[in-house]
Amino acid sequence: MGTSIGSESSLTPSVQPAAIHRVFSDKAWIEGAALHQLEEMARLAGVREIVAFPDLHPGKYGATGVALLSERIHPLLIGNDIGCGMSLFALDLPLRKLKVDKAAARLRAFEAQEIDDASARLEEAGLPPELFQNSLGTIGGGNHFCELQAIDKVADGEAFDDQRLYLLVHSGSRGFGASVFESTVSSQPSLKDGLDPVSEAGEVWLAAHDRCVAWASLNRQLVAERAGLALGAEVELIADIPHNLVRVSSGGFIHHKGAAAVRPGELAPVAGSRASLSHLVRAGEGVTGALGAISHGAGRKYDRASMYGRVGKTRSDREQLLRNAWGGVAICDDRNLVIEEAAAAYKDAGHVVADLAAAGLVTPVATLRPLVTYKKAVDEVETERRDRKSGHREMRRQKDGWR
DNA sequence: ATGTGC
């Protein structure tokens, strides 16, 4: 099914579409639109193989929940949040000491916690010391979150401390990835055919991509450290797994679009929602046959726009959306985000993990329940940050003093 | 997804 490398045919869609492997059962909730997008992706220039996971759902430039092997680089498939991922941390706080409301009140202001020496942290990560420094340690919007969790159940034969608290951070490269995406789109008129990896544009994107991946990983670490400061706890990294990136393999470039990049034996979080547990799994040898990928979460069931017709029509409805069945709460002051990110918008992560396990890709290690989910707090933090930057804080103080 | 917009 090959087009020869270097010939002009590599710039046109393959006559023979790439093979699509579907890692989900008949019972999995998969939208027809996502399946259609898979077919389109299989015809993109240079694409050799596609693996689709049980959290599959439609995306802007192609389905999400996919690993795709290609001879060419497709920045559109990766999108703007280059390096986005899930990181799980253990806190040195025992579950028995937790008071949900108190923890929620503390977490609410976590983004106001000072980052000691952001420049040094960026340099340690091999990045320029000023690179999007002001966005470091922030969660962002959309499906991103920082969630305090407790172990619900540890799988038989697995040693995992179920008396501690955990923190699951889902975030990415914020404005940095967005700027890389935008400059790529504006400078490359025919991006739908992807980029030649040895062209200047290809090399520029790959280099920027690598920085985004490093920045996003550091961002999750700093989100966790700030949350730890707010809660009075040390954080210990357990897993740091990106799901929006490109990895180089012997067969080409493996594009992960919402598909966790794992190696056999590695621990990886599979995020639930406020209505279903999150899972910690161990990647099996089987992942090598799945382009080194697994699902990263439950996956969307309904698109954002359609959620407005489904939930949160009354005030009490919307308040209910901030509570979960385990006595946990969500911090989300953005009314639209409450509706778009309601638990009902997501599939059950348990079904996703069951499909992955049945395919021999993972073994379950533990399940975790949501206690405090930080999505978005009122603009206080942003306002404070802007003021500090533009020197308005002093003015505000004076103003306050006059009252 | 986004210093999310003029």
Side-chain angles (χ1 to χ4, degrees), chain A residues 34 37 55-66 74-87 111-112 115 118 122 128 130-146 169-187 191 205 208-209 211-213 215-220 222-223 242-246 255-260 271 296-300 302-305 307-308 332-341 345-346 374-393:
Chain A
Q37 284 186 325
D55 55 335
L56 188 78
H57 56 280
K60 187 165 182 185
Y61 297 102
T64 300
V66 168
H74 289 278
L76 289 179
L77 294 183
I78 302 302
N80 64 355
D81 200 0
I82 306 162
C84 185
M86 298 266 178
S87 294
E111 284 181 349
I115 294 172
L122 283 161
E130 306 296 330
L131 188 65
F132 284 80
Q133 201 190 102
N134 289 337
S135 301
L136 263 187
T138 62
I139 280 288
N143 57 1
H144 292 171
F145 62 80
C146 169
V169 178
H170 180 191
S171 189
S173 52
R174 312 285 282 107
F176 180 27
S179 73
V180 170
F181 184 76
E182 275 152 31
S183 67
T184 307
V185 168
S186 60
S187 65
L191 254 192
W205 187 85
H209 157 280
R211 286 181 163 189
C212 286
V213 171
W215 196 100
S217 173
L218 175 61
N219 188 41
R220 291 188 290 275
L222 292 178
V223 162
H243 52 247
N244 270 0
L245 76 164
V246 166
H255 295 60
H256 295 253
K257 179 55 174 177
H296 78 278
R300 279 200 92 88
Y302 300 118
D303 64 77
R304 292 189 159 83
M307 290 310 294
Y308 289 91
C332 188
D333 297 336
D334 180 329
R335 178 189 154 148
N336 291 335
L337 205 52
V338 170
I339 291 166
E340 292 173 11
E341 288 292 313
Y346 286 90
Y374 179 99
K375 294 287 290 182
K376 179 91 184 156
V378 274
D379 281 331
E380 281 171 52
V381 175
E382 268 305 308
T383 313
E384 174 86 4
R385 185 201 311 278
R386 270 199 300 269
D387 287 358
R388 205 182 303 148
K389 217 180 149 191
S390 54
H392 285 164
R393 187 164 60 163

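Throughout, a chain's letter reflects where its sequence line sits, starting with A, and its residues are numbered from 1.
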Distance check needed: [N] [atom2] versus [X] [atom1], whole Å only.
X: A:Glu340; N: B:dT2; atom1: CD; atom2: P; result: 13 Å
X: A:His144; N: B:dT2; atom1: NE2; atom2: C1'; result: 10 Å
X: A:Arg304; N: B:dT2; atom1: CZ; atom2: P; result: 10 Å
X: A:Ile82; N: B:dT2; atom1: CD1; atom2: C1'; result: 12 Å
X: A:Leu136; N: B:dG3; atom1: CG; atom2: P; result: 12 Å
X: A:Asn143; N: B:dT4; atom1: CG; atom2: P; result: 19 Å
X: A:Ile139; N: B:dT4; atom1: CD1; atom2: C1'; result: 17 Å
X: A:Asn244; N: B:dT2; atom1: CG; atom2: P; result: 11 Å

Would you mind classifying the nucleic acid contact of [X] as base, sugar-phosphate or nothing, using non-hydrogen atoms under 4.0 angstrom?
X: A:Gly172; result: nothing
X: A:Gly140; result: sugar-phosphate
X: A:Phe132; result: base
X: A:Gly142; result: sugar-phosphate

Query raised in the report: Salt-bridged, A:Glu340 to A:Arg335, with N to O below 4.0 Å?
Result: no
Hits for side-chain hydrogen bond (donor to acceptor under 3.5 Å, both in side chains) against A:His170, two or more places apart or cross-chain, chain-then-number order -> A:His243
Considering only heavy side-chain atoms of A:Lys376, the closest of B:dT4, B:dG3, B:dT2 is B:dT4
query = Is a side-chain N or O of A:His57 found less than 3.5 angstrom from the main chain of A:Ala63, in a donor-acceptor match?
reply = no
Sorted by chain and number, sequence neighbours left out, side chain to side chain contact (heavy atoms under 4.5 Å, CB included) with A:Ala259 holds for A:Phe53, A:His256, A:Ala293
